[in-house]
Amino acid sequence: LPPARAGAHDADPWTLAPAFTDLGLDAEGVAAVLAPLPPAVRAPAAAWAEATLTADALLADVERAAARIAELVQAIKTYTHMDRGRAPAPVDVRAGLDSTLALLAHKLRDRKVTLARALDDALPAVPGWAGELNQVWTNLLDNAIDAAAEGPTPDDPRVADRGDVVVEVEDDGAGVPDELRARIWEPFFTTKAVGRGTGLGLDIARHIVVEQHGGALTLDTRPGATRFLVRLP
């Protein structure tokens with residue numbers, strides 16, 4: 001409501017405006033809605049409408065938050081695989097990657113990193129331990145997010161046509177210098193700032209992939225494209 005009309009409706013335009021503008025109504029639209037009402041009830045009617053719209057918006061926020069909480073709880077359950085025993089079992093790699101990305105979504109948003117995801121719909125299950133493999137995805141993706149350049153990047157999915165299940169994690173950061181390529185696998189070695197990394201992520205990942213699952217974890221790096229490749233039989 002413009003200031004000239006605030007007196008006619010006996011309402012504070014700054015209080016009412018946000019709820020009505022969120023609904024797509026401008027000053028003329030609000031005036032048209034209130035016009036059929038007697039002047040004496042226009043102010044309480046406008047206040048009631050504003051309160052109702054605000055309550056509806058808050059309820060919608062609560063519903064979205066509850067849905068997000070449920071999604072995170074399910075992601076954590078899938079991530080930890082808390083309902084499985086310790087015996088090796090068929091692992092859905094796609095589900096593990098989805099749950100890991102759900103848990104890392106906040107970091108992608110905070111760093112304004114664009115994620116290009118290309119997952120095969122027909123991936124076969126691999127024998128192994130889902131919780132441990134999720135540690136691998138977390139370590140590789142977390143490193144990639146830290147190394148990636150901020151902002152949008154070209155969508156560049158790759159497809160592996162070999163017989164194993166292959167997961168590739170690539171970032172567009174500065175790359176790993178030649179003199180450090182052998183050292184990145186060493187326990188407690190990290191190129192991150194103090195307090196940001198333990199230096200154990202890649203050591204743990206390689207142990208899980210190679211020793212526990214009989215797979216391979218390799219690195220291909222150059223400036224603008226660092227790619228870790230996990231191969232699971």
Side-chain angles (χ1 to χ4, degrees), residues 66-109 111 113-148 153-173 176 184-185 187 197-221 225-233:
R68 178 59 178 160
I69 290 170
E71 177 185 342
L72 287 174
V73 169
Q74 182 58 42
I76 291 170
K77 182 178 180 181
T78 302
Y79 177 84
T80 59
H81 234 62
M82 63 179 67
D83 56 345
R84 292 291 183 91
R86 294 302 300 163
V91 177
D92 186 340
V93 172
R94 183 186 177 98
L97 287 166
D98 283 337
S99 63
T100 303
L101 288 170
L103 294 176
L104 292 174
H106 70 284
K107 189 168 185 177
L108 287 164
R109 289 194 301 269
R111 294 208 65 245
V113 172
T114 299
L115 173 71
R117 175 168 49 183
L119 301 180
D120 190 341
D121 291 333
L123 277 181
V126 299
W129 292 265
E132 280 79 354
L133 287 176
N134 286 342
Q135 284 186 270
V136 175
W137 316 143
T138 300
N139 291 336
L140 296 181
L141 287 165
D142 188 63
N143 286 344
I145 293 169
D146 284 337
T153 57
D155 190 0
D156 183 26
R158 287 178 167 80
V159 177
D161 58 2
R162 300 179 279 280
D164 297 333
V165 170
V166 177
V167 177
E168 299 178 3
V169 178
E170 180 176 322
D171 67 71
D172 61 351
V176 181
I184 63 171
W185 308 103
T198 63
L200 291 173
L202 289 176
D203 178 60
I204 291 171
R206 187 161 69 167
H207 172 79
I208 292 171
V209 172
V210 178
E211 298 182 25
Q212 193 171 14
H213 288 83
L217 174 57
T218 57
L219 167 67
D220 178 21
T221 182
T226 294
R227 179 162 52 114
F228 285 91
L229 187 146
V230 177
R231 182 185 299 278
L232 298 171

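Not measured: the values here are computed from a predicted model.
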Practice task
Could you go through the side chain to side chain contact (heavy atoms under 4.5 Å, CB included) check for N139 and L202 one step at a time?
Solution key: CA-CA 7 Å; N139 291 336; L202 289 176; 5.8 Å; no
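- Heavy-atom minimum distance, P233 versus P127: O-CD, 3.7 Å.
- Between K107 and D146 the shortest side-chain heavy-atom distance falls below 4.5 Å.
- Distance check: N134 CG to L97 CG gives 8.0 Å after rounding to the nearest 0.5 Å.
- Looking at V209 and L232, their side chains come closer than 4.5 Å, going by heavy atoms from C-beta outward.
- Between L119 and D98 the shortest side-chain heavy-atom distance falls below 4.5 Å.
- Two residues are said to be in side-chain contact when any heavy atoms from C-beta on lie closer than 4.5 Å; L219 and W185 meet this criterion.
- Residues L217 and V230 meet the side-chain proximity criterion, which asks for heavy atoms closer than 4.5 Å.
- Pairs engaging residues 200-221 under the salt bridge (charged side-chain N to carboxylate O under 4.0 Å, His left out) rule: D220-R227 [sequence neighbours left out].
- Judged by distance alone, with hydrogens and angles left aside, the side-chain atoms of H207 form no donor-acceptor pair with the main-chain N or O of Q212 at under 3.5 Å.
- Put simply, CD on Q135 and CD on E132 are 6.0 Å apart, with the number rounded to the nearest 0.5 Å.
- Distance check: E168 CD to T218 OG1 gives 8.5 Å after rounding to the nearest 0.5 Å.
- For the atom pair OG1 of T138 and CG of L101, the computed distance is 9.0 Å after rounding to the nearest 0.5 Å.
- Atom-to-atom distance recorded for L141:CG and F228:CZ is 11.5 Å, nearest 0.5 angstrom.
- Under a 3.5 Å cut-off, the side chain of T100 and the backbone N or O of W137 do not form any donor-acceptor pair.
- The two residues V113 and A148 have their closest heavy-atom pair at CG1-CB, 4.0 Å.
- Remark: R94 does not engage D120 in a salt bridge, criterion side-chain N to carboxylate O under 4.0 Å.
- To the nearest 0.5 Å, atom OG1 of residue T226 and atom CG of residue L140 are 12.0 Å apart.
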